[in-house]
A.B. asks: 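This is the structure I want to talk about, given as structure tokens.
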2 protein chains.
Amino acid sequence: MGTTGSVEAPLSGEGRPPGRYDAFQQGCPSRRLIETLGDKWASLVIVALGLRGPLRYSELAAQIAGVSQKMLTQTVRGLERDGLLTRTVTPSVPVRVDYELTPLGRSLLEVLAHLKEWAEEHMAEIETARAAHDAAR
Amino acid sequence: MGTTGSVEAPLSGEGRPPGRYDAFQQGCPSRRLIETLGDKWASLVIVALGLRGPLRYSELAAQIAGVSQKMLTQTVRGLERDGLLTRTVTPSVPVRVDYELTPLGRSLLEVLAHLKEWAEEHMAEIETARAAHDAAR
DNA sequence: CCGAATCCCGAATGATACTG
DNA sequence: CAGTATCATTCGGGATTCGG
């Protein structure tokens, strides 16, 4: 997540009417969601936890092909920060850390499920379009 | 869009059962959708076109605060390639380029609408969680 | 004048090695 | 087991320039 310094300060007016969200405005929280999901891994983590229930770090890593430890940790921390999942540390002999969706996270999962549905239904069309487009050039 | 060289070749087996998409697999098309939407701007372009109908390049740019010409062009090309929108060039004196959603694009729009709804309903919770988390550390 | 391509830099990402 | 630290590399993205 591009947290570091990118403030995107709205400054000047703060004049957004409350309750009225407009993702086209830079400072808008709803654009933040887009950025969260923009994280390639975030959605996958949520879906993984949603489908298979609580998971340990290594299980999560195993589920999601191609993610590096660094990215997984980073993603998970971001999601925890946003209250989408909980991180539970059990200080046993080998430490054990479990991740689980919060109710908020589960509600987001439903939306992602729609996305997944759409994908399964339409990805073929996209592939066709892409192939056609690539062939035509 | 990390299109360039990142092949992520699945190769070996191609052994994915047809009709069965698993976004956890690297080569899976459904992960591609996530990456497409991962493009911060892609969703905004689609929503903009969905809400305000066909738009010219400059109108699009005006709608979406904070996007650079480069990113807009790049995003739009990607979406065109995926068959989500059409790009129509009218070679008038000052060139005119119109963008419009395809049926496929409009169907995706519906899914994005759910996302937007969710955002408007729950972003406040995320902000609260975030504030609490940040305060606690 | 509108839209696209180039250059360049900082940030994000990923592989590897190390620690509690 | 579950991370953290470091380094090398790629990539996003803004300013600028080109084309028509």
Side-chain angles (χ1 to χ4, degrees), chain A residues 1-9 26 31 34-45 48-49 54-81 85-100 137, chain B residues 1-9 26 31 34-45 48-49 54-81 85-100 137:
Chain A
M1 241 152 289
T3 42
T4 340
S6 60
V7 196
E8 291 202 359
Q26 296 198 212
R31 181 175 282 195
I34 293 182
E35 297 193 16
T36 297
L37 297 182
D39 236 331
K40 185 176 164 185
W41 308 118
S43 340
L44 292 174
V45 166
L49 288 177
L55 291 178
R56 307 178 49 169
Y57 184 89
S58 51
E59 294 174 317
L60 211 42
Q63 284 296 309
I64 303 172
V67 69
S68 65
Q69 292 184 321
K70 183 182 172 181
M71 282 301 102
L72 183 54
T73 298
Q74 186 175 305
T75 301
V76 150
R77 291 291 157 88
L79 295 174
E80 182 195 12
R81 182 169 177 239
L85 56 77
T86 57
R87 179 170 171 274
T88 312
V89 182
T90 308
S92 42
V93 183
V95 196
R96 179 194 175 101
V97 182
D98 285 271
Y99 295 94
E100 185 173 11
R137 53 159 310 108
Chain B
M1 242 155 292
T3 40
T4 339
S6 59
V7 197
E8 293 198 358
Q26 295 197 212
R31 181 176 281 194
I34 293 183
E35 298 194 15
T36 298
L37 298 182
D39 234 332
K40 185 176 165 186
W41 308 117
S43 340
L44 292 174
V45 166
L49 288 177
L55 291 177
R56 306 180 49 172
Y57 183 90
S58 51
E59 294 174 315
L60 211 43
Q63 285 295 308
I64 302 172
V67 70
S68 67
Q69 292 186 321
K70 181 189 172 181
M71 281 302 104
L72 185 54
T73 298
Q74 187 176 301
T75 301
V76 150
R77 288 291 160 87
L79 294 175
E80 183 195 11
R81 182 166 178 242
L85 56 78
T86 58
R87 178 171 172 275
T88 314
V89 181
T90 309
S92 43
V93 183
V95 196
R96 178 195 176 104
V97 184
D98 285 271
Y99 295 96
E100 184 172 11
R137 57 157 311 106

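The chains referred to below are lettered A, B, ... by the order of the sequence lines, with proteins before strands, and numbering in each begins at 1. Computed from a prediction, not measured in an experiment: that's the story for all the values here.
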A.B. asks: Can you tell me if the side-chain N/O atoms of A:Ser68 get under 4.0 Å from OP1 or OP2 in C:dA15?
C.D. replies: no
A.B. asks: What heavy-atom pair brings A:Ala42 and A:Thr36 nearest, and what distance separates the two atoms?
C.D. replies: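 Closest pair (atom of A:Ala42, atom of A:Thr36, distance): CB-O, 3.5 Å.
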A.B. asks: For B:Arg96 and D:dG20, what is the distance between atoms CZ and C1' respectively, to the nearest whole Å?
C.D. replies: 17 Å
A.B. asks: Measure from CZ on A:Arg87 to C1' on D:dC1 and round the result to the nearest Å.
C.D. replies: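 Value for this atom pair: 12 Å.
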A.B. asks: Taking only N and O in the side chain of A:Arg56, is any of them less than 4.0 Å away from OP1 or OP2 of D:dA2?
C.D. replies: yes
A.B. asks: So which heavy atom on A:Arg87 is nearest to which on A:Val97, and how close?
C.D. replies: CG-CG1, 3.8 Å
A.B. asks: Starting at atom CG of B:Leu72, determine the distance to atom C1' of D:dG12, rounded to an integer number of angstrom.
C.D. replies: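 Value for this atom pair: 15 Å.
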A.B. asks: According to a strict under-4.0 Å criterion, is A:Tyr99 in side-chain N/O contact with OP1 or OP2 of D:dG3?
C.D. replies: yes
A.B. asks: If each of B:Pro94 and B:Met71 is mapped to the nucleotide of DNA chain D with the nearest heavy atom, which maps nearer the 5' terminus, i.e. the 5' end?
C.D. replies: B:Met71
A.B. asks: Separation of B:Asp39 atom CG from D:dG13 atom C1', in whole Å?
C.D. replies: 11 Å
A.B. asks: For the pair made of CD in A:Gln69 and P in D:dC1, what is the distance, rounded to whole Å?
C.D. replies: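 So the two atoms are 12 Å apart, to the nearest Å.
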A.B. asks: Test A:Val76 against every option in A:Trp41, A:Tyr57, A:Tyr99 by the side chain to side chain contact (heavy atoms under 4.5 Å, CB included) rule and name the one that passes.
C.D. replies: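 It is A:Tyr99; the other options fail the test.
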A.B. asks: Is the shortest side-chain N/O distance from A:Thr73 to OP1 or OP2 of D:dA2 below 4.0 Å?
C.D. replies: no
A.B. asks: A:Lys70 has a side chain; which of D:dT4, D:dG13, C:dA15 sits nearest to it?
C.D. replies: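 So the side chain of A:Lys70 is nearest to C:dA15.
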A.B. asks: If you take atom types as modelled and just measure distance, does the side chain of A:Gln74 reach the base of C:dA12 with a donor-acceptor pair under 3.5 Å?
C.D. replies: no
A.B. asks: With a cut-off of less than 4.0 Å, is there a side-chain N or O of A:Trp41 near OP1 or OP2 of C:dA12?
C.D. replies: no
A.B. asks: Using whole Å, report how far CG of A:Leu55 lies from P of D:dG3.
C.D. replies: 13 Å
A.B. asks: Verify the contact: side-chain N or O of B:Arg77 to OP1 or OP2 of C:dA5, cut-off strictly under 4.0 Å; return yes or no.
C.D. replies: yes
A.B. asks: With A:Leu60 as reference, evaluate A:Val67, A:Leu49, A:Asp98, A:Thr75 under the side chain to side chain contact (heavy atoms under 4.5 Å, CB included) test and give the passing residue.
C.D. replies: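 Filter result, single survivor: A:Leu49.
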A.B. asks: Measure from the side-chain N and O atoms of B:Ser92 to the backbone N and O of B:Pro94, and report whether any donor-acceptor pair falls under 3.5 Å.
C.D. replies: yes
A.B. asks: Expressed in angstrom and rounded to an integer, what is the separation of A:Leu60 atom CG from D:dC1 atom C1'?
C.D. replies: 14 Å
A.B. asks: Contact class for A:Val95 (heavy atom, under 4.0 Å): base, sugar-phosphate, or nothing?
C.D. replies: base
